[in-house]
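Each residue takes its place number in the sequence, starting with 1. Whatever order the structure lists ligands and atoms in, that order sets their numbers, starting from 1. It should be emphasised that the depicted structure is a prediction, and the values quoted were computed from it without experimental measurement.
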Amino acid sequence: MEITAISHAESWFQILRIDKWVYALRERLDWIDPRFLTMFANNYLIIGEKKAALIDTGIGIHSIKKAVKPLIKDKEIFVFNTHHHFDHVGNNHEWPRIYVHKFDLHRVALPEELIFLRTSDGVFSDEFLKKGGVTKPADEHYPLIGGEVFELGGIDLRVIHSPGHTPGSISISTSRKHLIAGDTIHNGSIYLPPKETLNSYSHSLNSLIEEVIREQKCTVLGGHEEPIVAQENIELLGQIVQNWQKISNEKRQKYNDFLKAHILSYPPFKFVIPD
Ligand SMILES: [Zn+2]
Ligand SMILES: [Zn+2]
């Protein structure tokens, strides 16, 4: 698949056109703090014939609305969070209403302090510093449960509850064969949930692979790093997580003080395993 870069790698949001319907708006997480072992955070914009959808609102350091507006013009837009983590909800306050799974809603509805991010010169916008480095929630939140369908004109979105990474993680499949998987499936460093919820992550991953990805032969777009996740890497991720007990015991893990987690390198992935 040919991806076209619409804006320069140097501008804050690098905009990639994935196909006729989907854009990736990505930003550099490592410019803000390299200790997350992640280069890019990806937000997705889907533009239908009548309406649009933004999936995740970014880190909140720079306005995502300014990047989205020229692309959607006057179209109505639905704004989703795939889950509550700070790198996916940072510009929620720019939109009147956020669609988020009911299990992550209480986290999204509260301001979150980002002082734990190491500030580097030029990265934090004046606007962000004026707010004191705190993410501001939107005025209104719509609780999702999974199964909801949003018609954008020429393309429909379906919400899938895929708990594990967080209790309210969602994935969004489209009628044009995309699966926007948030932090449930992506390239690079995979942040695993605590032991108690690893089974639920494994279950979500396998049902996405079996019931959506293989069956609909869809392009999987991840929440971090290079947007498209290759089919063989998705299968590998599914197998690793399913056989986690065996693999994690066999392989040597390094401890990371900042993340307070063990790191297990399993190319092309790195697993971040909380204590
Ligand atoms: Zn996350
Ligand atoms: Zn993330």
Checklist line | the Zn ion (ligand 2): angle it makes with NE2 (His88) and NE2 (His224), nearest 10 degrees | finding: 110°
Next item on the list: Answer yes or no for Asp183: is there an N/O/S atom below the 2.8 Å cut-off from the Zn ion (ligand 1)?
Entry: yes
Notebook entry, point to check: Within the stated cut-off of 2.8 Å, is an N/O/S atom of His83 closer than that to the Zn ion (ligand 1)?
Noted result: yes
Check: Does His85 bring an N, O or S atom to within less than 2.8 Å of the Zn ion (ligand 2)?
Finding: no
Note to self: As a test of reading the structure, name the N/O/S atom of Asp87 that is nearest the Zn ion (ligand 2).
What the structure shows: OD2
Check: His83 and Val89: which non-hydrogen atoms are nearest, and at how many Å?
Finding: O-CG1, 3.5 Å
Under 3.5 Å, is there a donor-acceptor pair linking the side chains of [X] and [Y]?
X	Y	result
Ser162	Ser171	yes
Glu235	Gln231	yes
His84	Asp104	no
Ser200	Thr197	no

